[in-house]
Structures are given as C-alpha cells and as structure tokens.
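In what follows, chains are A, B, ... by sequence order, proteins preceding strands, each numbered from 1.
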Amino acid sequence: MPELPEVETVRRGIAPVLEGAVFRNVKVNRPDLRWPFPERMKERLEGAKVLAVRRRSKYILVELDSHETLLIHLGMSGRILVSGDPMGRFVHDHPTAEKHDHVVVDMSNGARLTYNDPRRFGAMDLIATDGLAEHPLISVLGPEPLGNEFNANDFYSRTSLRNSPIKAVLLDQGVVSGLGNIYVCEALFRSGIDPRRKANRISKQRIETLTIHIRDVLSDAIEAGGSSLKDYRQADGELGYFQHNFDVYGREGELCKNAACGAKITRVVQSGRSSFYCPKCQR
DNA sequence: ATAGGCACCTGGTGGC
DNA sequence: TGCCACCAGGTGCCTA
C-alpha cells in the first residue's frame, strides 16, 4: 500500500504527537505480523521516551531514549491512526477497537496510536539504534530518492547493468528505495519511458530525465498528503488526495492526459503486477 | 550475480 | 443471496 509519500505523510502525522512523549501502555494483540514481534516488545517500549521519528525508504523509525529504535513497515494495508491527542489536533475520543488493530499504544501525553493491518504484510522490530545501518532490512536499501545520494550518474551506472524491464528495476529497493507500483508507473509516464523497456537500453540522457521525474512525482505526492486508495488515511484520519492526480495508474482504457495524444492508457502485467502506460507517449 | 515467480494474508468487487 | 475468480499500495526467498 503505502509507498514513500504515504509513509512520509504518516511520519509527519505521528512525529509531533510522539516526540517527547513516553510509552505508558502497550497492547499487543497477536504474536506477529509478517514476522514475530521482537522479544518482550511491550516491556522494552513501556517507559521509553521518543527522541525522534524518522523515515528511511518505506520504514518509519522511532528513536527511543533507551538506545533502541522501533522500526515499523506498513506492508500493503498497514495504517497508523492517532486519537486522543491533548493538543486537540486529532480526534479527542478514542475510537472503538476495530478488527485488525494489532498494536495499540498509549502515550504519556494522552495520545493513542493504533496500528491496523488487515493483510499483515507489515512488520515491526526493535533494534539497537547504533546498529541501525547494519540491520538486514536497512542495509540492503539503495539511496533515498529525495536525498543528495540519488543522482543521475550513480543511477545510470546501475540501470545500464540491468537487463530487466525498467519497471522491475525501479521496484528493486536496492537500486533506489521508496518507490512502489503507483509511483513507478507515474514516473515512467512523466519520463516518456515504456515500462517494458530493458533498463540497459535507456540512454543516459533519458535516465537523467527519469531521475528528475522520480523526485518530482514523490514530492508532488507528499505535498498532496499521499494517495488514498481503499481506505488509506493520514494519521489524523484525513484523506490524501494525490490519487486524483494520477496520469496513468488505475486508468486503463481512459484517455492519455497529454492533450494532443488521444491514445488510451494500457495495462500490462509485469512480474505479476499491473503496469499502466500510454502506448503512444511512452517508448 | 541476476532474473523471474511464488508465497504470505484479508477484503472488496464484479460476474453468473 | 451465494459462490468464485480476480484484484490490491510490498518484499523476502526460492529456483534456474
């Protein structure tokens, strides 16, 4: 579900509520998500104060004063809802518990965070903060697409070695981290590149264009509060609205948004996932 | 080393 | 109304 813009939107929603607050009560309603929860997660969280809420790729990283960091991944269907915030920025009353509320935490400032994830492809781990970079889920990640480490030179040196469709290469979190199915489709449309084109058959100039469009589409989406498909919401319950700005994703059979084009958006399946593109504008 | 396919899980939708 | 097939924002792991 959530790609980088949605995760960043969630981070921005929960950071002001969590930072400076202490975990008072942690309720863990099942033993696992995608993997078992870390040993004694409840006990290790309770009493710890939040120093900062960061993001790396699609991971939310909650840094604690206990020298540990809580790592959270939302998988396909994970959500974090905030309620009961004393500052009045969020819903005052705690909502009644819902199905798939797997972890519920009450903070010292009265805020409650509820992690809900029907499909349970999400994950949590609790790791030593000074060992974060070596964590197996983190160490394999490529550069942050919005950071300085992501540039056309390095990006081209990776794409030029890959004999797979560019679609698959962009979904590879080791090449560039944070993109998912939606924003790959959107970035390729903006760049005029066919998702089926082999990565090593794309010129350096076009990779430079793609680098810029990856940045832009992610920035645009963050600005819009992410994309709300199904019932995805921001932490305060608001809907993001970038889904209204999709050029191709989910638009099979509809007209290409380039004014003079007139072609219809096509859907193909690549490695089991839908790719949407304009057969006329993307080559 | 790289590429491709499957598995994990639940819920919503549309067709018959 | 029921049943079934298919689809969904991710990614680790297995196989060639």
Practice task
Output, in order, the C-alpha distance, side-chain angles, deciding distance and verdict of side chain to side chain donor-acceptor pair (under 3.5 Å) for Arg54(A) and Thr69(A).
Solution key: CA-CA 10 Å; Arg54(A) 309 180 202 284; Thr69(A) 291; over 6 Å; no

Problem - Basic-acidic side-chain contact under 4.0 Å: Arg30(A), Asp32(A) - result: yes

Exercise for the section: Specify the separation, in whole Å, of atom CZ of Arg120(A) and atom P of dG10(C). Expected result: 19 Å

Exercise for the section: Would you tell me if any nitrogen or oxygen in the side chain of His100(A) comes within less than 4.0 Å of OP1 or OP2 on dC9(B)? Expected result: no

Practice task
Grab the CG-P distance between Asp117(A) and dA8(C) for me, whole Å please.
Solution key: 18 Å

Problem - Of the listed nucleotides dG12(C), dG10(C), dA8(C), the one nearest the side chain of Tyr249(A) - result: dA8(C)

Problem - Salt-bridge criterion met for Asp106(A) and Arg112(A) (N-O under 4.0 Å) - result: yes

Practice task
Write down the distance between NE2 (His102(A)) and C1' (dC9(B)), rounded to a whole number of angstrom.
Solution key: 10 Å

Practice task
Whole angstrom is fine here: how far is it from CG in Asp172(A) over to C1' in dC13(C)?
Solution key: 14 Å

Handout entry: Length of the line joining Tyr183(A):OH and dA8(C):C1', which is rounded to integer Å
Key = 15 Å

Practice task
Look at Glu46(A) together with Lys42(A) and state whether they make a salt bridge at an N to O cut-off of under 4.0 Å.
Solution key: yes

Exercise for the section: Describe the nucleic acid contact of Leu137(A) in one word from base, sugar-phosphate, nothing, applying a heavy-atom distance below 4.0 Å. Expected result: sugar-phosphate

Practice task
Look at the side-chain N and O atoms of Ser274(A) and state whether any lies under 4.0 Å from the OP1 or OP2 oxygen of dA8(C).
Solution key: yes

Exercise for the section: Could you tell me whether the phosphate oxygens of dG10(C), OP1 or OP2, come under 4.0 Å of any side-chain nitrogen or oxygen in His73(A)? Expected result: no

Handout entry: From dT10(B), dG11(B), dG12(C), nucleotide with atom closest to Trp35(A) side chain
Key = dG12(C)

Handout entry: Opposite nucleotide pairing with dC14(C), Watson-Crick or G-U, both atom distances under 3.5 Å
Key = dG4(B)

Problem - Stepwise side chain to side chain contact (heavy atoms under 4.5 Å, CB included) check, Phe276(A) with Glu254(A) - result: CA-CA 11 Å; Phe276(A) 300 89; Glu254(A) 296 177 36; over 6 Å; no

Exercise for the section: Check every strand shown and say whether Tyr59(A) touches a base, only sugar-phosphate, or nothing at a heavy-atom separation below 4.0 Å. Expected result: sugar-phosphate

Problem - Contact under 4.0 Å: Lys58(A) side-chain N or O vs dG9(C) OP1/OP2 - result: no

Fill in the blank from the handout: Taking a pair to mean Watson-Crick or G-U wobble geometry with both distances below 3.5 Å, dG9(C) pairs with none

Practice task
Send over the distance from Ile72(A) CD1 to dT11(C) P, rounded to a whole Å.
Solution key: 15 Å

Handout entry: Watson-Crick or G-U counterpart of dT1(C), or none if no pair lies under 3.5 Å
Key = none

Handout entry: Inter-nucleotide P distance (dC6(B), dC6(C)), Å rounded
Key = 14 Å

Exercise for the section: In whole angstrom, give the distance that lies between atom CG of Leu179(A) and atom C1' of dT11(C). Expected result: 14 Å

Problem - Same-atom distance (C1') from dG11(B) to dG12(C), integer angstrom - result: 23 Å

Handout entry: Greater than 12 external heavy atoms within 6.0 Å of Gln205(A)'s CD
Key = no

Handout entry: Side-chain N or O of Gln173(A) closer than 4.0 Å to phosphate OP1/OP2 of dT11(C)
Key = yes

Handout entry: Exceeds 12 heavy-atom contacts within 6.0 angstrom, atom NZ of Lys257(A)
Key = yes

Practice task
Calculate the interatomic distance between Leu171(A) atom CG and dT11(C) atom C1'; express it in whole Å.
Solution key: 10 Å

Exercise for the section: Taking only the side-chain heavy atoms of Arg267(A) (C-beta and beyond), determine which of dC7(C), dG10(C), dG9(C) contains the nearest atom. Expected result: dC7(C)

Practice task
Say whether, by atom type as modelled, one donor and one acceptor occur between the side chain of Ser57(A) and the main chain of Gly178(A) under 3.5 angstrom.
Solution key: yes

Practice task
Would you indicate whether Glu149(A), at its atom CD, is surrounded by more than 12 heavy atoms from other residues, nucleotides or ligands within a distance under 6.0 Å?
Solution key: yes

Fill in the blank from the handout: Given protein heavy atoms under 4.0 Å, the one-letter contact record of nucleotides 1-8 of chain B, with B base, S sugar-phosphate only and - none, is simply --SS---B

Handout entry: Most 5' of Gly178(A) and Val269(A) on DNA chain C, judged by nearest nucleotide
Key = Val269(A)

